Structure formats: C-alpha cells, structure tokens
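Nothing here was measured: the structure is a model prediction, and the numbers come from that model.
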Amino acid sequence: MEKKAAVICGTAGLLGVLAVILGFVGEGTKSQSFSGFDGVNCVYRSTPALGCGVAGAFFLLTAHVFLTAATGCCGCYRPETRKLIPSQTKRVFAVAMSVVAWILLFIALGLFFVGAMWNIAGDRKPAEATSSGVGECYVLQGGLFAAASVLSLVIVGFGIASYFLLGASGPPRQQELGIAMGQPPPYFQPEGGYPAGATWQTRT
C-alpha cells in the first residue's frame, strides 16, 4: 500500500511541477507577443507562452483527474477505501479539499487558456482611438501565468492531502469474522449439551 501511494503521489506531483514550471516559463515569454501597429491592426506573433499554456493546462488536468481516480472520487466508488478512513472528520476535510481543488482547477485552466490565446500569431483590431487619434493595442497583463502556476501547486497539494486523508497509507481494519482470516469456526454448545455418543463431523 505504501509503495502504491508513493507511485500515485509521485506521478501526480511530477505532473503538477511540470504545470508550475510551464506557467512561469509562459509568464516570462508572454511579453514578446506584441509586435507592433501596422497603421490598421495590432500585430501579434506567436511565442513559447502558447505551448506553455496548453501543455500546462494538460498536465494540471491530468494530475488532478489521476488523483481523483486514485481516491475513487473521495471514496464514493471504492468501498475498500472507505473502510480505511479512521474518522468521519477526515473524510469531511478530504471532500472539502477535493471540492475546492476542482473549483481552483477550472480557474487555473481558464488562466492557462486565456494566456495561450493571447500568444497566438495574428492581427487584431485596436481599441477605440484616443484623443490623439491613434488606436491602442491590447497587451496581456502580467501575472496571468504566474497565478495559474500558484493555483496548480495548491490544486495538486490539496489532491495529495485528500488522498492521504482517505486512508491511502493506513493499515486495513482487521476483519470481524475470524473465518475470513482462516481461523476455525467458533465452538457452540446447545443448552443441555450434546447427546451421549455424539461426534464432530467436518464438512469439506
């Protein structure tokens, strides 16, 4: 069980780290998108931030779905996982973190995709002309990819914490019936005892 938990958390952590790194790389290269104004339209060129945004969103989504599947959707589809939960309080915390992680996931994916779209090559119409008669070109503001990276770190952290709260590394509970553990059946004696000369007969 510990080896399985290490593999699951390690894989999800690696995917999350890749999403974080790609987000910061995209933040550093997005400023290169705006090329200039040709007199009619604003000209933009493609930058590495486009690929970073798409790949970062993919890695983050894969990591979160992988952790959700590993926990059986908070234990709802894995009865053996529910048996490992030591208390109902931990289950409540795990479900709460999972819900928050899903909400943050959609926000982070939106930030990644918006940042990627603004780094697609093409011509765009400028904003309304100012008092000087020159249109202003839109430029992607800073912090978009960085915010997506921070959210990615939080999302993966919540997912791993939820996985452990659901009893990923806890020992299984001892079965209540000794028969399931290979122990002999219990001895029962009826009231008044057995008749004289009665013998045991074991069925195979």
Does the side chain of Leu15 come within less than 4.5 Å of Leu60's, by heavy atoms?
no
Can you name the residues that form a side-chain contact (heavy atoms from CB on, under 4.5 Å) with Ala55, not counting sequence neighbours?
Leu22, Phe59
Please enumerate all residues that pass side-chain contact (heavy atoms from CB on, under 4.5 Å) together with Leu144, with sequence neighbours excluded.
Leu111, Val114, Leu140
Test item: Met97 and Leu165 side chains (from C-beta on) under 4.5 Å apart, heavy atoms
yes
Answer yes if Leu109 and Trp118 sit in the same cluster of Ile, Leu, Val, Met, Phe, Trp and Tyr residues linked by side chain heavy atoms under 4.5 Å apart, and no otherwise.
yes
Could you tell me whether the side chain of Ile8 reaches within less than 4.5 Å of the side chain of Phe66, counting heavy atoms only?
yes
Run the numbers on Ile120 and Leu50 for side chain to side chain contact (heavy atoms under 4.5 Å, CB included), then give the verdict.
CA-CA 7 Å; Ile120 298 177; Leu50 171 61; 3.8 Å; yes
Would Val17 and Val156 count as a side chain to side chain contact (heavy atoms under 4.5 Å, CB included) here? Give the steps.
CA-CA 9 Å; Val17 170; Val156 175; over 6 Å; no
Determine whether a donor-acceptor pair (N or O, by modelled atom type, separation under 3.5 Å) exists between the side chain of Thr11 and the backbone of Val7.
yes
Residue set satisfying ring pair (Phe, Tyr, Trp, His ring centres under 6.0 Å) with Tyr44, at least two apart, ordered chain then number -> Phe34
Is there side-chain contact between Ser162 and Phe158, with at least one heavy-atom pair below 4.5 Å?
no
Can you hop from Phe24 to Phe112 via hydrophobic side chains spaced under 4.5 Å?
no
